[in-house]
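Reckoned from all heavy atoms, side chains included, excluding hydrogens, waters and symmetry mates. Residue numbers run from 1 in the order of the sequence given.
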Amino acid sequence: MALAAWLSVPAVHAQTAAPAAAQTVVITGNPLGREAAAAPVSVLAGSGLLLRRAGTLGETLDGLPGVSASGFGPNSSRPVIRGLDGDRVRLLDGGAASIDASNLSFDHASATDPLVAERIEVLRGPAALLYGGNATGGVVNVIDNRIPRVVPVGALSGRAEVRFGGAAAERAGAVVLEGGAGGFAWHADAHGRQASDLRTPRYTPIEDGQALEPTKRVRNSAARTEGGALGAGWVGAKGYLGASFDTGEQRYGVTVEPDVIIRMKRDRSSLAGELRALGGPIAAITAQASHTRYRHDEVEGSGEIGTTFRSTGDELRLQLRHAPLGPLQGVFGVQTEKLDFSALGEEAFVPGTRTRSTALFALEELDAGPVRLGFGLRTERVRVASVGDAPDAAEPRFGAAVERRFSPRSASVQASLGTGPGWQLGATLGHTERAPAYYELYANGVHVATAAYERGDATLPTERSRHAELGLGWSGAGSSLKFSLWQTRFARYIALDATGVDIVVPGENGDPDSSVPEYAFRSVGARLQGLELEGRTRLFDAGAGRPFALELSGSLDRVSGRNTSTGEALPRLAPLRLRLALQAQAEGWQAGVALRHAARQSRVPATDTATPGHTLLDLTAAGALPMAWAGGRTQWFAKLSNVTDRVAINAAAIDTVRGLSPAGGRALSVGLRATF
């Protein structure tokens, strides 16, 4: 109670604190709250998020500079950042680890739902200093305010959103309620989504190299999602302390297996707090902890559960910001994580495992006039253990229990320079190490999603990479420009490569034996490099009195990668992509047209096939409705996707699903959003 009283502030402060906090821009990956014009960061919020919001996190972010999607059908799609996915892209919920099984397999959906997100921040490039080696590619942070961090202005506020249509005939809705008084704040939300099989332009599905009957639907792609959360805490001028509980369930079809349905459930409890303006050598303390229980069942057409995956995870993070030492500011902290994983059933290609990690990190920033220097270090201790085969296992595959220990270390140096009015130049050099994931070490079995026999290597060393990046940013007079040129070299890249051996798999229920190619996790040399360009400019602005503006925006990105041990291209890389958009805006409405082009991807390894290019056209519109109440707003929005009804194949998806699930066809989606 003493802490709650210290955090609380009189009502007069609550009225002024909220607007100031709402204007603050905090970029994921920068605990000092500095924003750099040249930083490789994308932020979706407001109308930008409203019009991009989709059924999966990957689809919502696909098309941002440097970001594509794994796209295992319309229901399982994780972000791919600069050609890296899986355990090299860190997914966060409100700054804490989002624990599920989506990094294990492409057909496992992410448990993070974009429907209730207030803001999504994407950091492109290594963020290992704060989040560990599995942020080698970048970080995606979904911010939902489930633990209140701002003093509520009134007793009750919130928002509600419904949307209908689209290529999957979506019916979705979400409601968020927030309130409080006297320093106490609470949050509640609920969301749900139902979708039918995805409708596409007419195409010929390809399965196991064979052409199927032409169709306009992606088979077994219907889905249903629901969830909600409760959170509460004390918020004041000197910090906050709160807790939340959220739960979510998903049920969706697996496109590559026409009779299989996945039932997924995740429950998560979180605790977070911050104390500011402490007045001593430590200026602020931030802490957060979470406990997650995850399960998903793969249900066969007969109704029997074929395989069950379970994960239980805990994370604790303590971060301290020291008082300024002249021009030097910085933070240091500790992070611990625990993950227990098990898979039981006929498709369990990974044994039960236990992963434990503890890390210390420090980041410092020196502000020297026009030049700002940043540097940081992180050291970890990681243990990854396999429980091996059960004593009564009918077909032993994983051997005896075994444990590996790793000591990854990462470091980076950053510099930024203001070179003129609105201009900023930035450069980064970094070294990142990542401990192998449990499936890279201990997998041994048929992975249906990849149609391969995957074999781990329990002797794998830590993955090591070096990163260099040059960025240039400019902003002013309603226009902005951002350019990044980067390269990542892996001395030890953990790749899943074909061995050239076929493994015979015994048939079941009288079916004949079959053979699948063997793929093994190996440590190889690799190089990834690319560029990203984005900008916007105001073409016309009628000015005050006659509010009308016309804005042109665009982006261009390219990533290329090579296995330097074999000389082959790395798999599943997005091709050269170009996006152009023209948006008109006036008081109460906006309308836009966007052109998305992806070039042909022919730089693929021998085990993959080229992906044809495509050009898609989208139309969007939104406007305010007259039905409003004091302090509230009602907005309608509409999007006509793929106007020309073109077939679009995702080069970043794996080959087993690429020919079965193109992007959706021409479709109209509409919705309403109300805030109060």
Side-chain angles (χ1 to χ4, degrees), residues 2-3 6-7 9 17 20-21 24-36 39 41 90 92 94-97 121 123 126-133 135 139 141 147 149-150 233-242 271-289 315-337 357-381 408-418 426-432:
L3 179 60
W6 189 82
L7 285 169
V9 294
T24 302
V25 176
V26 178
I27 298 298
T28 298
N30 187 350
L32 298 175
R34 304 286 185 86
E35 184 179 11
V41 173
R90 183 76 150 173
L92 304 176
E121 299 178 349
L123 176 63
L129 296 183
L130 282 175
Y131 303 110
V139 173
N141 190 8
I147 296 180
R149 290 168 169 81
V150 177
W234 286 273
V235 185
K238 293 186 177 181
Y240 65 88
L241 176 65
L271 178 69
E274 182 179 53
L275 298 177
R276 298 186 294 266
L278 297 180
I282 302 300
I285 300 174
T286 304
Q288 60 187 36
E315 181 190 27
L316 174 64
R317 182 184 187 87
L318 178 65
Q319 187 169 290
L320 295 86
R321 180 170 179 171
H322 66 71
L325 302 173
L328 188 68
Q329 298 187 66
V331 299
F332 57 94
V334 59
Q335 180 180 9
T336 66
E337 293 187 47
S357 68
T358 302
L360 299 174
F361 60 88
L363 292 90
E364 297 291 332
E365 189 174 277
L366 180 67
D367 197 342
V371 179
R372 186 181 298 160
L373 299 176
F375 44 92
L377 295 169
R378 181 183 178 102
T379 180
E380 299 181 60
R381 295 291 184 268
R409 293 180 175 85
S410 301
S412 75
V413 178
Q414 298 175 319
S416 63
L417 171 67
T428 301
L429 293 174
H431 171 86
T432 299

At their closest point, which heavy atom of [X] faces which heavy atom of [Y], and how far apart are they?
X      : Y      : answer
Ala415 : Leu373 : CB-CD2, 3.6 Å
Gly280 : Ala323 : O-CB, 3.5 Å
Ala127 : Val139 : CB-CG2, 3.5 Å
Gly94  : Gln288 : O-OE1, 4.2 Å
Leu129 : Arg378 : O-NH1, 3.1 Å
Glu364 : Leu328 : OE1-CG, 3.6 Å

For the side chain of [X] and the backbone of [Y], is there at least one donor-acceptor N/O pair under 3.5 Å apart?
X      : Y      : value
His322 : Gly330 : yes
Arg149 : Val235 : no
Arg321 : Gln319 : no

Can you list the residues that meet the side-chain contact (heavy atoms from CB on, under 4.5 Å) rule with Leu316, with sequence neighbours excluded?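 Ala289, Thr336.
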Could you tell me the separation between the [atom1] atom of [X] and the [atom2] atom of [Y], rounded to the nearest 0.5 Å?
X      : Y      : atom1 : atom2 : result
Ser357 : Glu315 : OG    : CD    : 8.5 Å
Leu92  : Asn141 : CG    : CG    : 4.5 Å
Arg372 : Asp367 : CZ    : CG    : 5.0 Å
Ile147 : Leu241 : CD1   : CG    : 9.0 Å
Arg381 : Thr379 : CZ    : OG1   : 4.5 Å
Phe332 : Phe361 : CZ    : CZ    : 10.0 Å

List in chain and number order the residues that pass side chain to side chain donor-acceptor pair (under 3.5 Å) with Thr286, two or more places apart in sequence or in another chain; answer none if no residue qualifies.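 By the side chain to side chain donor-acceptor pair (under 3.5 Å) rule, Thr286 matches Glu274.
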Run the side chain to side chain donor-acceptor pair (under 3.5 Å) test against Arg90 and tell me which residues pass, sequence neighbours left out.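 Partners of Arg90 under the side chain to side chain donor-acceptor pair (under 3.5 Å) test: Glu337.
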Heavy-atom check, side chain of Arg317 versus side chain of Tyr131, under 4.5 Å: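 Touching, per the 4.5 Å side-chain cut-off.
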